[in-house]
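The structure appears right after this line, and notes come after that.
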Amino acid sequence: MTKNPDQSPCKILIKYTLMAIAKMENCMEYPFSAIEAKWQKIWQDRKIANAPDGGDKPKYYVLSMFPYPSGVLHIGHASNYSIGDAITRLKLMEGYNAMQPMGYDSFGMPAENYAIMHNSHPRITTEEHIANMRKQFDGMGFLLDWEREVSTCRPDYYHWGQYIFKKLYEDGLVYRKKSFQNWCEECNTVLANEQVEDGRCWRCGSEVEQKELEQWYFRITDFAEELLDFSDVVEWPERVMTMQKHWIGFSEGTRIEFPLEADGTLIPVFTTRPDTIYGVTFMALPPEHPLVQKWLAEEPENHALHDFCKKVINEDKVLRGSAETTKEGIFSGRYCINPLNKHKVQIWVTNYVLMDYGTGAVMAVPAHDQRDFEFARKYDIPIKVVIQNWEQNLVAEAMQEAYIEPGIMANSEHFDGIPSEDAKSKITAWIADNAWGEATKTYRLRDWGISRQRYWGNPIPIIHCPKCGIVLVPDEDLPVLLPDNVQVGKTTSNPLLSVPEWLNVKCPQCGEDARRETDTMDTFVDSSWYYARYADPKNDKLPFDPAKAKYWLPVDQYIGGIEHACMHLLYARFIYKFMRNMGWVEGNEPFARLLTQGMVLKDGAKMSKSKGNTVDPQYIIDRFGSDTLRVYLLFASPPEKDVEWNDDALMGAFRFLNRIHRLIEGNLDAIKQGLAFEADVDKLSSEMKGLLFSSHHCTKKWLDDSLQRMQYNTAIAAIMEHLNKCVAIKNPQSLNEDELAVYAEACGIIPQLLYPFAPHLAEELWQMMSFEGLLHESGLPGYEEKYLVQDTVTYVIQINGKLRGKMEVPSDMDTESLKAEALKVDNVARSLEGAEIKKIIVVPGKMVSIAAKL
RNA sequence: GCGAAAGUGGCGGAAUUGGCAGACGCGCUGGACUUAGGAUCCAGUAGGUUCACUCCUGUAGGGGUUCGAGUCCCCUCUUUCGCACCA
């Protein structure tokens with residue numbers, strides 16, 4: 001074993017002692033710890049984060065998606081909430097009654113699993129985690145209205161989730177259905193379609209199976225059409241709206257019923273291609289189809305059919321949904337009748353038809369649908385061309401692939417010869433006239449399965465009575481409290497079944513023995529209305545007072561990750577529309593503006609414990625201060641982009657704040673003196689005129705970048721530029737009164753500009769310069785147009801688009817003089833020797849462009 | 001496969017309406033002060049060419065519109081994201 005001599009304890013001790021002395025001598029770091037603690041206390045004492053429910057000021061509701069209380073703040077939180085805090089402080093300065101609440105998405109499997117692992121109870125571990133996170137939030141100095149805190153696992157919150165469930169139920173928007181479900185064995189619960197990613201569980205990543213279960217559903221599909229309409233959002237990223245539109249997947253077509261040959265039972269199908277209906281050569285059903293299930297029951301001896309259905313349902317879990325999977329099927333031995341031409345149609349059970357889209361049955365037209373074509377070729381099912389291409393040369397036997405383009409109708413009785421595009425509506429009308437079907441709409445969106453077979457969630461307020469059936473728990477018995485003494489851990493059944501004293505109740509209607517529903521709600525139910533609870537978080541009569549909701553809602557600025565585009569954000573919009581129908585809220589959308597912030601990456605990947613690439617924000621706060629962390633995160637890139645973590649760039653942010661502190665503390669006398677004077681602009685040197693211009697120019701850019709564009713990186717860059725100009729004035733103590741006034745103004749605006757991004761230091765400097773009050777009530781910094789007009793302007797001169805010279809001219813010079821002056825510039829004149837000038841274009845304030853034949 | 005977004009120095013990024021490409025920061029190079037340095041200050045930093053002035057090239061690649069294109073149009077490539085048998 002070798003020893004590095006530089007690592008000997010003695011050397012290290014000497015090294016660090018020397019460094020410590022050096023630090024004390026040079027005072028190189030501003031005292032961020034003391035400053036941050038000081039201002040956090042003042043903000044709390046003055047309650048500036050606590051927004052009243054009303055008043056003269058217009059309201060502004062800033063909301064960042066609430067976190068799962070993991071117990072520690074990670075960089076992602078710091079980044080996300082720094083954006084929200086910057087917006088909140090900007091809006092306060094702007095004069096709004098700005099409100100920024102915070103809470104915890106505290107139900108759910110991670111909490112349950114964590115408790116199991118630590119041999120504790122989720123209620124205990126969750127509350128511990130919340131206390132710890134609260135401390136860390138305060139350590140960041142965020143202006144959070146803690147009087148509005150909510151935590152979804154507390155009875156005073158989930159009470160109202162149960163209440164909302166009941167109202168949904170009474171409104172016919174809740175139902176129970178037995179069906180095949182996405183089942184995660186690892187999590188021991190079902191998953192909504194949105195929660196399955198590439199056939200895997202969105203949380204734990206294990207393979208999702210299909211399991212037949214009876215489940216509770218919310219009828220989100222009733223709102224499908226309305227959810228496609230985004231006309232009432234003020235500003236959402238196009239990307240999110242597109243993702244939701246695709247997810248909802250609107251499709252217009254025709255519903256047609258094919259009677260079974262045997263007994264006339266009608267099989268409804270949905271098609272977007274009614275023009276191909278005369279080309280139907282078989283019917284394709286999935287094994288889950290009720291008719292198929294019925295035939296299976298009727299024919300226990302039909303082993304081929306049984307085996308096939310079993311195989312498709314059980315074995316093809318992941319692959320079945322994928323387009324690459326080979327199409328397979330088995331002839332059912334039955335036929336149905338095409339109602340239009342009365343032809344007999346074979347019925348096949350296949351693996352490529354989805355039970356839960358459309359009607360769960362497909363009229364197969366192999367000539368004009370690629371999937372049907374492949375299937376027909378494989379099983380020698382006839383192919384019949386009913387739409388001819390423009391060359392009229394399609395022959396079924398010679399086709400290599402389906403012809404899916406429009407064309408001319410053929411083999412379609414009295415529709416022959418017309419363009420297929422026109423035939424769509426004509427055939428649909430013909431179908432409707434004969435009562436075989438009708439025009440209809442279908443959505444890809446499925447109803448929202450909200451049942452979870454887990455303990456740590458909101459109990460569904462339902463009692464199952466042998467006599468009365470499904471009975472809602474009466475309002476006065478709400479909330480159905482989640483019992484504490486539950487056997488958690490790997491159970492094969494629902495954990496709540498293990499608590500008999502909770503499970504067994506009397507039926508509220510007939511008083512007989514009955515049992516509680518043991519499923520709990522998907523945690524997305526909890527988060528689909530929390531933004532409204534913040535408006536009235538302590539209400540014990542209602543989810544919230546509609547009057548308060550009307551004051552605060554919609555959320556003016558919502559901030560969160562893109563990963564919630566098709567889950568949380570869709571569910572929240574759905575529940576909001578329901579609450580609107582109930583008269584609890586106004587308007588159609590819960591979130592007026594949405595900002596999807598990027599992730600903080602390290603080594604190109606999302607930070608995670610398992611990858612071991614995390615950065616602990618607490619360490620950064622302790623060592624450099626939360627102001628540094630905020631400035632770093634906001635400066636690194638525009639808020640919606642991912643940021644790659646960079647230690648060196650963090651130091652840059654720290655240096656920036658130190659430079660500011662040094663500038664103001666070191667020149668405090670000059671600044672204070674200067675604040676008493678007013679500058680006579682005409683007497684200023686060009687250097688000081690430049691500084692005056694910088695103050696106003698920077699403020700203008702800052703206002704535009706931070707308020708209009710929400711580009712905090714460039715707003716901070718503007719402050720840096722201005723700081724460089726201030727620092728360049730080397731001897732402020734020797735300035736005259738006019739110059740001192742300009743200098744003091746230049747330094748004096750910095751705290752306000754800094755406030756949204758580094759609020760602690762900003763307050764400290766503001767106070768240091770003896771300005772009154774706190775910065776959130778200082779108003780927005782202003783600028784004056786007259787100082788943005790400079791005496792001279794630099795014009796660029798181009799010849800045929802190439803830069804050939806520059807000239808400094810009075811800013812009021814007229815166009816003709818500009819042209820003349822430009823031609824006199826040395827390099828321009830030289831370049832134009834012997835050339836023929838064709839045109840001179842003047843762009844006012846910027847450039848003279850000469851088009852010439854050289 | 002379909003759909004969307006993006007591609008700019010060594011790096012993060014800027015250029016808001018077609019008008020000086022590379023602001024600002026990081027890193028790097030040189031210098032000052034130094035026992036030391038995650039300190040401070042000064043100078044430089046797209047590539048090529050030149051002693052220098054100049055000039056040439058340059059925003060994934062190719063074409064186009066324009067006095068002028070990172071920005072607008074067409075084609076190609078790459079990356080990221082979303083959807084993926086949706087009848």
Side-chain angles (χ1 to χ4, degrees), chain A residues 14-15 18-19 21-23 25-29 198 237-240 242-247 249 251 253 269-273 276 284 320-325 327 350-354 356-365 369-372 374-375 442-445 562 565-566 623-624 631-632 635-638 641-644 646-656 658-659 662 701 704-705 708-709 711 713-714 716-721 723-724 727 730 794-803 805-806 827 830-831 838-841 843 845-852:
Chain A
I14 292 168
K15 187 182 165 197
L18 285 172
M19 280 169 69
I21 292 167
K23 271 176 198 166
E25 279 172 357
N26 295 348
C27 279
M28 62 181 207
E29 291 180 358
D198 291 328
E238 205 55 51
R239 188 153 75 113
V240 175
T242 309
M243 280 167 73
Q244 288 202 1
K245 283 176 190 167
H246 286 331
W247 189 262
S251 178
V269 300
F270 171 77
T271 181
T272 54
R273 296 293 305 272
T276 65
R320 189 163 159 210
S322 144
E324 280 94 61
T325 308
K327 286 158 189 53
T350 71
N351 66 345
Y352 76 94
V353 176
L354 305 172
D356 45 9
Y357 181 76
T359 62
V362 169
M363 57 169 231
V365 186
D369 181 286
Q370 188 58 27
R371 296 154 300 184
D372 300 340
E374 286 168 28
F375 191 86
T442 289
Y443 300 89
R444 206 187 77 107
L445 181 72
I562 186 82
C566 292
R623 179 61 192 84
F624 304 105
V631 167
Y632 163 69
F635 179 65
S637 70
K641 275 193 70 171
D642 289 348
V643 196
E644 173 72 27
N646 181 337
D647 285 322
D648 290 325
L650 177 81
M651 291 310 300
F654 188 52
R655 276 200 292 269
F656 166 60
N658 273 297
R659 263 155 66 84
R662 211 159 40 236
K701 182 156 174 50
D704 196 29
D705 286 352
Q708 256 67 56
R709 302 205 302 151
Q711 295 256 318
N713 56 333
T714 52
I716 292 169
I719 306 174
M720 288 173 169
E721 252 171 299
L723 174 68
N724 290 343
V727 168
K730 285 294 167 208
T794 304
Y795 272 78
V796 169
I797 304 152
Q798 285 186 356
I799 299 173
N800 293 342
K802 293 196 171 165
L803 181 66
K806 291 183 184 186
N827 201 39
R830 194 166 58 235
S831 303
K838 292 199 286 196
K839 194 159 56 159
I840 303 179
I841 295 149
V843 181
K846 285 186 176 156
M847 71 173 351
V848 179
S849 183
I850 301 162

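As the structure is a computational prediction, the values presented were derived from the model and not from experiment. Every heavy atom of this structure was used, including side-chain atoms; hydrogens, water molecules and symmetry mates were not. Residue numbers begin at 1 in each chain, while the letters A, B, ... track the order of the sequences.
Within the shown strands, nothing qualifies as a pairing partner of B:G9 under the Watson-Crick or G-U definition with both distances less than 3.5 Å. With a 3.5 Å ceiling on both atom-pair distances, B:C33 lacks any Watson-Crick or G-U wobble partner. Figure legend. B:A84 is base-paired to no nucleotide; pairs are counted as Watson-Crick or G-U wobble with both atom distances under 3.5 Å. B:U54 is unpaired under the criterion used here, namely a Watson-Crick or G-U wobble arrangement in which both key atom distances are under 3.5 Å. Of the nucleotides present, B:U45 is the one that pairs with B:G27 by Watson-Crick or G-U wobble criteria, both distances under 3.5 Å. Pairing of B:G18, defined by two Watson-Crick or G-U wobble distances under 3.5 Å, is not identified with any nucleotide.
In this structure, of B:A14, B:G38, B:U54, it is B:G38 that holds the atom nearest to the side chain of A:Arg655. Considering only the side chain of A:Ile841, B:G19 comes nearest among B:G19, B:C26, B:C24. Side-chain proximity of A:Glu721 to the nucleotides B:G3, B:A23, B:C56 is greatest for B:A23. Side-chain atoms of A:Val353 lie closest to B:A87 of the nucleotides B:A87, B:C24, B:A14. Of all nucleotides listed (B:G38, B:A87, B:G25), B:A87 comes nearest to the side chain of A:Phe270. Taking every side-chain heavy atom of A:Phe624 into account, B:G38 is the closest of B:C67, B:G38, B:G13. The side chain of A:Arg239 lies closest to B:C81 when the candidates are B:G25, B:G38, B:C81. Comparing atom distances between the A:Lys327 side chain and each of B:C85, B:G82, B:A87 picks out B:C85 as nearest. Closest contact between the side chain of A:Pro638 and the listed nucleotides B:G12, B:G13, B:C26 involves B:G13. Of the candidates B:G68, B:C41, B:G25, the closest approach to any side-chain atom of A:Arg659 belongs to B:C41.
Between A:Ser849 and the options A:Ile799, A:Asn800, A:Ile841, a side-chain contact (heavy atoms from CB on, under 4.5 Å) holds for only A:Ile841.
Contact check, A:Gln798 against B:C20: no side-chain N or O comes under 4.0 Å of OP1 or OP2. Between A:Thr442 and B:A87, a side-chain N or O to OP1/OP2 separation shorter than 4.0 Å is absent. In this structure, A:Lys730 reaches the B:C42 phosphate: one of its side-chain N or O atoms is under 4.0 Å from OP1 or OP2. Listed pair A:Arg830 / B:C53 fails the phosphate criterion, with no side-chain N or O lying under 4.0 Å from OP1 or OP2. Taking 4.0 angstrom as the limit, A:Lys838 places none of its side-chain polar atoms (N or O) nearer than this to OP1 or OP2 of B:U66.
Atom CE in A:Met651 sits about 10 Å away from atom P in B:C26, given to the nearest Å. Between A:Lys701 atom NZ and B:A23 atom C1' there is a gap of 8 Å when expressed in whole angstrom units. Atom NZ of A:Lys245 is separated from atom C1' of B:C83 by 16 Å (rounded to the nearest Å). Regarding A:Lys641, its NZ atom lies at a distance of 16 Å from the P atom of B:A5, rounded to whole Å. In this structure, the CD1 atom of A:Ile719 is 15 Å from the P atom of B:C24, given to the nearest Å. With rounding to whole Å, A:Trp247 atom CH2 is found 15 Å from B:C81 atom C1'. The CG atom of A:Asn724 sits 9 Å away from the P atom of B:C41 (whole-angstrom rounding). In this structure, A:Phe654 places its CZ atom 14 Å from C1' of B:U40, rounding to the nearest Å.
Donor-acceptor pairing under 3.5 Å, judged by distance alone, is absent between the side chain of A:Asn827 and the base of B:U54. A donor-acceptor contact under 3.5 Å links the side chain of A:Lys806 to the base of B:C20. A donor-acceptor contact under 3.5 Å is not formed by the side chain of A:Lys846 with the base of B:C20.
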| task | For side chain to side chain contact (heavy atoms under 4.5 Å, CB included), just list the numbers for A:Asn724 and A:Arg659, CA-CA rounded to whole Å, side-chain angles, deciding distance to a tenth of an Å, and then say yes or no. | result | CA-CA 9 Å; A:Asn724 290 343; A:Arg659 263 155 66 84; 2.2 Å; yes

| task | Could you go through the side chain to side chain contact (heavy atoms under 4.5 Å, CB included) check for A:Val727 and A:Arg662 one step at a time? | result | CA-CA 9 Å; A:Val727 168; A:Arg662 211 159 40 236; over 6 Å; no

| request: Evaluate side chain to side chain contact (heavy atoms under 4.5 Å, CB included) for A:Arg239 paired with A:Ile562, printing each intermediate quantity in order. | output: CA-CA 9 Å; A:Arg239 188 153 75 113; A:Ile562 186 82; 3.7 Å; yes

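Here A:Glu374 lies out of heavy-atom contact (under 4.0 Å) with every strand. Among the heavy atoms of the strands lying under 4.0 Å from A:Met243 are primed sugar atoms or P, OP1, OP2 only; no base atom is included. Using a 4.0 Å heavy-atom cutoff across all strands shown, A:Gly249 reaches no nucleic acid atom at all. Here A:Ala717 lies in heavy-atom contact (under 4.0 Å) with a base.
Side-chain atoms of A:Tyr795 never come within 3.5 Å of backbone atoms of A:Lys806 as a donor-acceptor pair (strictly under, hydrogens ignored). With A:Asp372 contributing its side chain and A:Val365 its backbone, the two residues share a donor-acceptor pair below 3.5 Å. With hydrogens and angles disregarded, a donor-acceptor distance shorter than 3.5 Å links the side chain of A:Gln244 to the backbone of A:Ala565.
For B:G64, the base adopts the anti conformation, since its glycosidic angle falls more than 90 degrees from zero.
Looking at which nucleotide of RNA chain B each of A:Asp648 and A:Ser831 is closest to, the 5′-most match is held by A:Asp648. Residue whose closest nucleotide on RNA chain B sits further toward the 5' end, between A:Ala649 and A:Ser637: A:Ser637.
Using cut-offs of 30° and 60° for the angle between ring planes, the A:Tyr352 and A:Phe375 rings count as tilted.
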